Amino acid sequence: MADSAPPPSSMDSYESVGLVPNPDGSLTRSIAFPSVAATDETAATDSAVAFSKDVPLNPTNNTFLRLFKPRLLPPNTKIPVILYFHGGGFVLASVSALPFHETCNSMAAKVPALVLSLEYRLAPEHRLPAAYEDAVEAIMWVQNQAAAEIDGGEPWLREYADFSKCFFMGGSAGANIAFHAGVRALDADLGATKIQGLILNQPYFGGVERTESELRLAEDRILPLPANDLLWALALPDGADRDHEYSNPLAGGSYQEKIGRLQKCLVIGYGGDPLIDRQRRVVKMMETRGMHVVAKFKDGGHHGIECYDPSHAEAMDDDVKDFIDSTLHNFDPKH
């Protein structure tokens, strides 16, 4: 069993992730990826592989969906829908951040699929479960689009979406959101919308007890342990520790009996990610509960590698396409 005490560190946790705490409990986010505007058919270049546009979700919460549509669409065929959740430790980033925009852009073209990227509320201004609630609101928005498919609704979904072939996907904290969104959707009345699978890329889970990989990679350049601890402290409900059910699916919680009902799941991980041991444990737990899990754990790499390395981004797209194709290979639209 790994020691639960963190290693000594002189690192300023806030500074390491570009955060400045404000007296009112909010944050000033001083480091950001370049921001990219949506580009629909009227604004896209000739080389664009997909088009995008922003659609309001809940104006009160300033949430919206960035929709991505492949430039080249298969003839006379509707395509799957991927509801995507970006990473950032629940505290950072946006759908407009360059790596997440490009992830959705390329994935829409590669699969091909309609990709809906959710701009959810960030912590600590909006602690969990706010992001999960936004995810459920997005799921119900999709359900409403399916209900309006014949006589209204958002044109791209009305014309191109196969609502019976929906997937939830996220990277890092976004994969955590995809998992919890999947659990929350199990008992929802989704009508014609059918969730076929979950795609968890380097999912962000935590726990009080340290794993070997967390200790070995405590000074990781992407996700050092002090920064990891800080992000959970900012994201979880006040007073909660990392064994809260939002963070640690292995520590019990209200949804445990539902896990076996979840859809087929792809989990991608890298040996150079401090979270790899925890990801392996979660996969084992899922399989024990009866889930069909496709685990792709790879040597080397690091947390969020697809945001920095185009070859790994392409490999992720291939993994996602293969998973969706295999999941739908024996698809029965009646179920």
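Bear in mind the structure is a predicted one, so any value in this text is a computation, not a measurement.
At a threshold of 4.5 Å between non-hydrogen side-chain atoms, the residues His101 and Phe68 count as touching. Between Pro80 and Asp162, every side-chain heavy-atom pair lies at or beyond the 4.5 Å cut-off. In this structure, the side chains of Asp319 and Phe323 stay at 4.5 Å or more apart for every pair of heavy atoms. Contact of the Gln256 side chain with the Arg289 side chain is registered, since non-hydrogen atoms from C-beta on lie closer than 4.5 Å. Side-chain contact between Met169 and Leu198: absent, with no pair of heavy atoms (C-beta onward) separated by less than 4.5 Å. At least one side-chain heavy atom of Pro203 sits under 4.5 Å from a side-chain heavy atom of Val267. Considering only heavy atoms from C-beta on, Leu275 comes within 4.5 Å of Asn228 through its side chain. In this structure, the side chains of Val95 and Phe64 come closer than 4.5 Å at one or more pairs of heavy atoms.
Checked by atom type and distance alone, the side chain of Glu125 never pairs as donor or acceptor with a backbone atom of Gly25 at under 3.5 Å. Checked by atom type and distance alone, the side chain of Gln196 pairs as donor or acceptor with a backbone atom of Ser164 at under 3.5 Å. Not a single donor-acceptor pair under 3.5 Å links the side chain of Tyr204 to the backbone N or O of Gly88. Looking at Arg127, its side chain does come within 3.5 Å of a backbone N or O of Leu234 through a donor-acceptor pair. Of the possible donor and acceptor atoms, one in the side chain of Asp220 sits under 3.5 Å from a partner among the backbone N and O of Leu223. Checked by atom type and distance alone, the side chain of Ser52 pairs as donor or acceptor with a backbone atom of Thr39 at under 3.5 Å. No donor-acceptor distance shorter than 3.5 angstrom exists from the side chain of Gln145 to the backbone of Gly153, with no hydrogens or angles considered. Side chain of Tyr160 to backbone of Pro70: no donor-acceptor contact under 3.5 angstrom is found. The backbone N or O of Gly174 sits nowhere less than 3.5 Å from a side-chain atom of Tyr84 that would complete a donor-acceptor pair. Side-chain N or O atoms of Asp40 include one that pairs as donor or acceptor with a backbone N or O of Thr42 at under 3.5 Å.
Ion pairing between Lys296 and Asp318 fails under the 4.0 Å rule for side-chain N and carboxylate O. One finds no salt bridge joining Arg280 and Glu212 here, because no Lys/Arg side-chain nitrogen approaches an Asp/Glu carboxylate oxygen to under 4.0 Å. At a threshold of 4.0 Å, the pair Arg121-Asp134 counts as salt-bridged, since one of the basic side-chain nitrogens sits closer than that to a carboxylate oxygen. Salt-bridge check for Lys53 with Glu154: passed, with a basic side-chain N closer than 4.0 Å to an acidic carboxylate O.
Shown here for His303 and Tyr308, the closest heavy-atom pair between the two residues is O-CE1, 4.4 Å. The two residues Gly271 and Ile276 have their closest heavy-atom pair at O-CG2, 4.0 Å. Residues His244 and Pro237 come closest through the heavy atom pair NE2-CG, 4.0 Å. When all heavy atoms of Pro249 and Val282 are compared, the pair lying nearest together is CG-CG2, 4.2 Å. Nearest heavy atoms, Arg242 versus Asn248: O-CB, 3.5 Å. When all heavy atoms are compared, the tightest approach of Arg29 to Val91 is NE-O, 2.7 Å.
Residue Asp24 qualifies as enclosed at atom CG: its count of foreign heavy atoms under 6.0 Å is above 12. Within 6.0 Å of CG in Asp187 there are more than 12 heavy atoms belonging to other residues, nucleotides or ligands. More than 12 heavy-atom neighbours from other residues, nucleotides or ligands sit within 6.0 angstrom of CD on Glu159. Heavy atoms of other residues, nucleotides or ligands lying less than 6.0 angstrom from CD of Glu15 number 12 at most.
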* To do: Report the C-alpha separation of Cys307 and Phe100 in whole Å, then their side-chain angles, then the decisive distance to 0.1 Å, and conclude whether the side-chain contact (heavy atoms from CB on, under 4.5 Å) test is met.
  => CA-CA 8 Å; Cys307 295; Phe100 304 124; 4.0 Å; yes
* Asked: Could you go step by step and tell me if Gln279 and Asp273 meet the side-chain hydrogen bond (donor to acceptor under 3.5 Å, both in side chains) rule?
  -> CA-CA 10 Å; Gln279 293 159 2; Asp273 181 358; 3.2 Å; yes
* To do: Check step by step if side-chain contact (heavy atoms from CB on, under 4.5 Å) holds for Leu65 and Leu83.
  => CA-CA 9 Å; Leu65 290 159; Leu83 182 55; 4.0 Å; yes
* To do: Begin from the C-alpha positions of Val111 and Val320 and carry the test side-chain contact (heavy atoms from CB on, under 4.5 Å) through to its verdict.
  => CA-CA 8 Å; Val111 172; Val320 171; 4.2 Å; yes
* Run the numbers on Leu157 and Leu116 for side-chain contact (heavy atoms from CB on, under 4.5 Å), then give the verdict. => CA-CA 10 Å; Leu157 274 76; Leu116 284 54; 4.2 Å; yes
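A distance of 10.0 Å separates NE2 in His292 from CG in Leu266, rounded to the nearest 0.5 Å. Note that CG of Leu236 is 10.5 Å distant from CG of Leu231, once rounded to the nearest 0.5 Å. For the atom pair Met286 CE and Lys264 NZ, the distance stands at 14.5 Å (nearest 0.5 Å). The CG atom of Leu250 lies 10.0 Å from the CD atom of Glu209; values are rounded to the nearest 0.5 Å. Phe168 CZ to Leu262 CG: the interatomic distance, rounded to the nearest 0.5 Å, is 10.0 Å.
Placement of Leu200 and Leu128 within a single hydrophobic cluster is found when ILVMFWY residues are connected by side-chain heavy-atom separations under 4.5 Å, directly or transitively. Linking Ile, Leu, Val, Met, Phe, Trp and Tyr residues whenever their side-chain heavy atoms come within less than 4.5 Å places Leu186 and Trp141 in a single cluster. One hydrophobic cluster holds both Ile177 and Leu118 under the rule that ILVMFWY side chains link at heavy-atom gaps under 4.5 Å. Cluster annotation: Leu73 is connected to Leu67 through the hydrophobic network of ILVMFWY side chains, with a link wherever side-chain heavy atoms come within less than 4.5 Å. Hydrophobic clustering (side-chain heavy atoms under 4.5 Å, transitive across Ile, Leu, Val, Met, Phe, Trp, Tyr) keeps Val49 apart from Val115.
For the side-chain contact (heavy atoms from CB on, under 4.5 Å) criterion with Gln202, the lone passing option out of His302, Met316, Glu306 is Glu306. Applying ring pair (Phe, Tyr, Trp, His ring centres under 6.0 Å) to Phe90 and the options Phe85, Tyr246, Trp232, Tyr120 leaves one that passes, Trp232.
The aromatic rings of His180 and Tyr255 sit perpendicular to each other, their planes meeting at more than 60°, with 30° as the lower class boundary.
At a cut-off of 3.5 Å, with distance as the only test, no side-chain donor of His86 or Ser117 sits close to an acceptor on the other residue.
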